[in-house]
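Data first, discussion second: the structure below is written as structure tokens.
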Amino acid sequence: MGFLNELQKTQEGLQKIKWEGTFTDYLLKVRENKNIARLAHSRIYHMIASRGITKTWGLQQYNFFASDLFGLDKTLEKIVEDYLHPAARRLDTRKRILVLVGPVGGGKSTIVNMLKKNLEKYSRTEEGALYGIKGCPMHEEPLHLIPEEMRELFYHKYGIYIEGNLCPTCKTNLKDKYNGNIEDVKVERVIISEEERRGIGTLSPSDPKSQDISELTGSIDFSTICQYGSESDPRAYRFDGELNKANRGIMEFQEIFKFDEKFLYNLLNLSQEGNFKVGRYALISADEMIIAHSNETEYRSFINCQKNEALRSRMMFIQVPYNLEVGNELKIYEKIIKTSDISVHIEPHALWTTAAFLILTRLMPSKNQGLTLINKMKLYNGEQVEGFYKKDADDFRREFSREGMEGLDPRFIINVICSVLGKRHNKCAGSQDFLKALKVALRENDMLINEVREKYLGFLEQVRQEYFSKVKKDLFAASRFSFAAEARVVFKEYLEMICAFVKGKAYDESFMRALEEHMNVSENAKKGFREEIYVRYSGNTTVYLEHELDEHKLLKNAIFEKLFFDLRELLRLKLASYSKDDKKLQEIIQFLIVEYGYCEECALKLLQTINSLTYR
């Protein structure tokens, strides 16, 4: 019943926003809120800006895209600030076709779909309300009824700019139906809908031999020619092409450079002058944002052809590269998994291994010998890398402007993830499962040349080593938690040995060196190190010494590393006869579950790898 109630509310809401009146009524609305008469680019820009804009590290970030697009902040800033914002102010970028260029699966279609879907929603709000002449096949702006010679006066009086002329149908209706009285012309609220072909047009390439120009500009209605006597009578023409229906909103060209040239020629005048030619009619005005996308191969072929010069100059190209940040790549996978009904626990670092591998395939080697691809990946992800700073990451991005335009298709990785999760139904999917699946997928991918395949297999091994580093930290943290009491004992014993050493009494050199080696204290430096420790801690009470263990991070880490190293064999024996009654094992497992998101299955697997993980 709750669903039916919500459905009823939605339908009632749509009924409430319906509006119909005369042109006189519409003028009163426009005087109260001139945003109603915004042009398409302005409406789309304000739709994005209304969600909120933040500035981080000098980069504009838009809440509008935040939930669906990750790692494309610079691209989105270019689209909004370099194209849409000036276009909204009626600068010349509105006379350009926006072409998104990039590798497959980079997010081009997602950007366009977000604009289209949200424009539909925006048109249902008061802020995004727009109105059109009732009965107009292009639901055009009612202000087109105002004669050309009066528009300048109208602008000076109300500050509202009018652009465009009545379509042939509206001209005919004004003359025949309204006897030339513009004040009586019916106006209605327009709700943009791609499904109902209102305010959004989409054209996909097909066989050039079968694709007709009428898909763009409409066609003659042969059933009415006898009735009206002429092809030039608007009543004998269907103004139902995509350019007609996209008026007031967005016109999308999918894979634009796959179209036959005759389709693209129609865009010359539309982009520059805001009108296009239809049959035996004068130029028809259209107010729409033209957005297209293409893969890079076809884009290169297009711009290198001199005969495309006129159209090329009317286009604004923006690169849409692959994401280069592991954290953002993880958000993409998590979003996909969240929308599924899969019931699989995923080991904490499992998706990281796939994301890290994919990012490595997109990076270009640095000329800086101290910067490996792994470190470059970390730097781009905002992690600290010894010898480098955040500004270095920005410098590298500028140096490698084409970085992210090549690499594995993200769909390749997503296919692997889906395959692993499907096979591990109701079980835990671990990093090793993903790494093995990636290795198999790479070997079976016939589109990769052998040299590239071997390079990618090398990346897998690098990711495996980084994964081991991550789980070492998890295990080490768990051991610190579980062996805290033992650490105090070792700390106290080490201090006693130092006192004996300084005072010339008997001490256990092997015990002391084992601990000092974990701190990289050399044989030659041990005397000075021990004396420094003695001066620092001599005369302290036992209680105070326990507190001091937390203060000396180097010594504390060394103690835990030694404890972990010494107790690995003990843990291995415990795991061989695993029991839930074993308090020590349960402490470690629960720590991994609570603190890091492991489940019991993958926590046990992690402990079982303990002997293969070496320190130093």
Side-chain angles (χ1 to χ4, degrees), residues 326-327 330 334 337 343-356 383-384 424 426-435 463-494 514-515 518-519 545-616:
V326 175
L330 284 172
E334 288 164 357
I337 294 168
S343 56
V344 176
H345 177 266
I346 302 174
E347 181 199 313
H349 303 299
L351 292 178
W352 178 90
T353 60
T354 61
E383 300 174 41
Q384 288 188 339
R424 301 293 297 176
N426 289 328
K427 294 182 180 179
C428 179
S431 297
Q432 296 302 326
D433 298 316
F434 288 104
L435 288 169
V463 168
R464 189 188 303 277
Q465 295 307 314
E466 285 298 312
Y467 160 73
F468 285 150
S469 296
K470 285 182 173 293
V471 297
K472 283 177 188 177
K473 291 177 181 177
D474 292 351
L475 281 169
F476 189 52
S479 69
R480 287 165 71 111
F481 170 76
S482 184
F483 302 134
E486 290 88 341
R488 304 291 179 193
V489 173
V490 173
F491 180 54
K492 184 179 178 182
E493 187 177 352
Y494 179 67
L515 203 56
H518 282 286
M519 294 181 280
L545 286 177
E546 288 183 358
H547 171 72
E548 278 289 296
L549 175 60
D550 294 323
E551 299 298 321
H552 200 291
K553 292 182 180 179
L554 184 65
L555 184 54
K556 182 179 181 179
N557 287 337
I559 288 170
F560 277 112
E561 283 189 14
K562 183 180 184 304
L563 278 172
F564 182 74
F565 184 84
D566 293 344
L567 291 169
R568 286 189 309 165
E569 183 63 22
L570 175 61
L571 286 175
R572 190 184 68 80
L573 292 172
K574 286 176 175 289
L575 286 166
S577 56
Y578 173 67
S579 169
K580 290 191 175 183
D581 296 329
D582 190 306
K583 185 178 178 182
K584 185 63 69 177
L585 280 180
Q586 287 305 310
E587 280 183 358
I588 294 174
I589 289 171
Q590 286 304 310
F591 181 87
L592 291 171
I593 291 172
V594 173
E595 297 297 326
Y596 293 113
Y598 287 79
C599 69
E600 185 171 355
E601 181 184 343
C602 60
L604 278 169
K605 282 183 180 179
L606 179 57
L607 289 173
Q608 286 163 357
T609 65
I610 196 168
N611 274 355
S612 65
L613 303 176
T614 58
Y615 280 81
R616 302 201 186 277

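Scope of the values below: all heavy atoms of this structure, side chains included, with no hydrogens, waters or symmetry mates.
Going from atom OG of Ser431 over to atom CZ of Arg464 covers 10.0 Å, rounded to the nearest 0.5 Å. To the nearest 0.5 angstrom, Ile346 atom CD1 is 10.5 Å from Asp433 atom CG. Put simply, CG on Asp474 and CD1 on Ile588 are 12.5 Å apart, with the number rounded to the nearest 0.5 Å. Taking NZ of Lys605 as the start and CG of Leu607 as the end, the distance is 13.0 Å to the nearest 0.5 Å. Here the straight-line distance linking atom CG of Leu606 with atom CD of Glu347 works out to 7.0 Å at 0.5 Å rounding.
Here the side chains of Val326 and Glu383 are not in contact, with every heavy-atom distance at 4.5 Å or above.
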Would Phe434 and Leu351 count as a side chain to side chain contact (heavy atoms under 4.5 Å, CB included) if you check the C-alpha gap in whole Å, the side-chain angles of each, and the deciding distance to 0.1 Å?
-> CA-CA 8 Å; Phe434 288 104; Leu351 292 178; 4.3 Å; yes

Walk me through it: do Val471 and Tyr598 pass the test side chain to side chain contact (heavy atoms under 4.5 Å, CB included)?
-> CA-CA 11 Å; Val471 297; Tyr598 287 79; 3.9 Å; yes

Evaluate the criterion side chain to side chain contact (heavy atoms under 4.5 Å, CB included) for residue pair Tyr467 and Gln432; output intermediate values, then yes/no.
-> CA-CA 10 Å; Tyr467 160 73; Gln432 296 302 326; 3.4 Å; yes

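Listed for the His345 side chain is a donor-acceptor partner under 3.5 Å among the backbone atoms of Gly597.
Of all heavy-atom pairs spanning Thr353 and Val463, the tightest one is O-CG1, 3.5 Å. Considering all non-hydrogen atoms of both residues, Gly430 and Ala350 come closest at C-CB, 3.8 Å. Smallest separation of non-hydrogen atoms from Cys599 and Ile593: C-CG1, 4.0 Å.
More than 12 heavy-atom neighbours from other residues, nucleotides or ligands sit within 6.0 angstrom of CD on Gln465.
Looking at Lys470 and Glu466, no side-chain N of the basic residue comes within less than 4.0 Å of a carboxylate O on the acidic one, giving no salt bridge.
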